[in-house]
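Counting convention: from 1, in listed order, for ligands and their atoms alike. Worth knowing before you read on, the calculation uses all heavy atoms, side chains too, and leaves out hydrogens, waters and symmetry mates. Owing to the predicted nature of the structure, the values given are computational and were not obtained by experimental measurement.
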Amino acid sequence: MRPGGAPLALLASLLLLLLLRLLWCPADAPDSSRLLMEESREATHGTFAALRTLSNRAIPVPSTTNSTDLKEESLQLSEKCTKLHYGFKALPNQTKGYSEDDYLRIITNIQSCPWKRQAEEYENFRAKLASCCDAIQNFVVSQNNTPVGTNMTYEVESKKEIPIRQNIFHMFPESQPFVEYPYNQCAVVGNGGILNRSHCGAEIDKSDFVFRCNLPPTTGNVSKDVGSKTNLVTVNPSIITLKYGNLKEKKAVFLEDISTYGDAFLLLPAFSFRANTGTSFKVYFTLKESKARQKVLFFHPKYLKHLALFWRTKGVTAYRLSTGLMITSVAVELCENVKLYGFWPFSRTVEDTPVSHHYYDNKLPKRGFHQMPKEYSQILQLHVKGILKLQFSKCEVA
Ligand SMILES: *[C@@H]1O[C@H](CO)[C@@H](O)[C@H](O)[C@H]1NC(C)=O
Ligand SMILES: *[C@@H]1O[C@H](CO)[C@@H](O)[C@H](O)[C@H]1NC(C)=O
Ligand SMILES: *[C@@H]1O[C@H](CO)[C@@H](O)[C@H](O)[C@H]1NC(C)=O
Ligand SMILES: *[C@@H]1O[C@H](CO)[C@@H](O)[C@H](O)[C@H]1NC(C)=O
Ligand SMILES: *[C@@H]1O[C@H](CO)[C@@H](O)[C@H](O)[C@H]1NC(C)=O
């Protein structure tokens, strides 16, 4: 699609795509009009034939009490779950032509199949991530991977550089700060409304490392659903500008809000767009001056570039990855077991209950659904392959 081609249709699809991105732990992208055009171009072709076949083949859940029947049914179930597994492996990358109903049917099927960690798949996938991206050494900027005198190239504005002089260099940790790596159990907590009344808080808090996106609330009545533990939380520079007035008069509010994250790392995309750099440094200095317990980290732009290329080979061709997929990828490298909560880009549950945008606001997305984020289909595939586990609904409370 070219600018000026069909302005109204373009505007409508841009608005829709913007809505979808907001649902999905979005990354900041000042240059969003280009981004959205890229995405809408992506969305205009292709099919998702294997998924369609799967979605028409609902898997019955065993319901009888006769043990012979039960055995037969579960045999049938495991055969179908195996097919689901292989069907997913053969999935094409395109997602067009799928309604929300189609996806909810597929997810109903996936949910009815038992989930089991597949160590071999996990190691395979982790090895691929390690060879492309190596999160352990590269995902944050450190003095180790970025010596003084480096000309740091921006992730997105890749023709722009920033020279790393002493003053900037001193903001970086000496080396990668994840001293307890590898972590056993990690939770990646998205902000989806699906977490509302999920009772997942206790389970999340039991994890060894908890990742969160964009300074979400974790105290008060939400903590029973989302937990209160945070080890790393991402910060979109736009929230600093919009919610915290660039840390001028609202600096105290900011410091109070982040105090709820204990000694977590605050992770900022300082070197993705030039417009992010000043704001990110401001967060660093604000924390330093007030002797806050939290530490600031910066995403390494080269890591993010390599990661985007990795996902591109899997068909995720969007202009920029969402923060959710970035930290999910990091978690797979840093942790032995990864569980995702609050990742739900749909307007309702499989039981047809409306789901709000975020667990902390009541805004309902419009009913109806036009484009499945490709990223979500990738994450579903990781779940089906036993590489990570997606929590689709309420948590079991012991
Ligand atoms: C269970 O089902 C099998 C085969 O359908 C039947 O032979 C058996 O009598 C049933 N048993 C009970 C306890 O209903
Ligand atoms: C960085 O860029 C400057 C100016 O373009 C150049 O003089 C310098 O040699 C470069 N440094 C490195 C390490 O490439
Ligand atoms: C949580 O508390 C806030 C006010 O403290 C209230 O507005 C909100 O509705 C409550 N949410 C739930 C799920 O109880
Ligand atoms: C789809 O993904 C495969 C790898 O899984 C890749 O080789 C292929 O180029 C992708 N196709 C498109 C159209 O992106
Ligand atoms: C959470 O769910 C309850 C009932 O299901 C609803 O009343 C409330 O508004 C929801 N809260 C948010 C933040 O969506």
E155/K302 ion pair, N-O < 4.0 Å: no
Within 4.0 Å of [atom] (strictly less), any protein heavy atom?
| atom | result |
| --- | --- |
| atom 2 (O) of ligand 2 | yes |
| atom 11 (N) of ligand 2 | yes |
| atom 7 (O) of ligand 2 | no |

Ligand 5 atoms in contact with S356 (distance to a heavy atom under 4.0 Å): 14 (O)
Answer yes or no: is there a donor N or O on one side and an acceptor on the other, between the side chain of H306 and the main chain of C133, under 3.5 Å? no
Grouping I, L, V, M, F, W and Y whenever their side-chain heavy atoms are under 4.5 Å apart, do Y181 and F211 come out in a common cluster? yes
T353 contact mode with ligand 5 (heavy-atom cut-off under 4.0 Å): neither
F125 and W311 aromatic ring geometry - parallel, tilted or perpendicular at 30°/60° bounds: tilted
Just say parallel, tilted or perpendicular for the rings of F298 and F271, cut-offs at 30° and 60°. perpendicular
Contact check: N151 vs ligand 2, nitrogen or oxygen atoms, below 3.5 angstrom: yes
Compute the minimum heavy-atom distance from P163 to ligand 2 and say whether it is under 4.0 Å. no
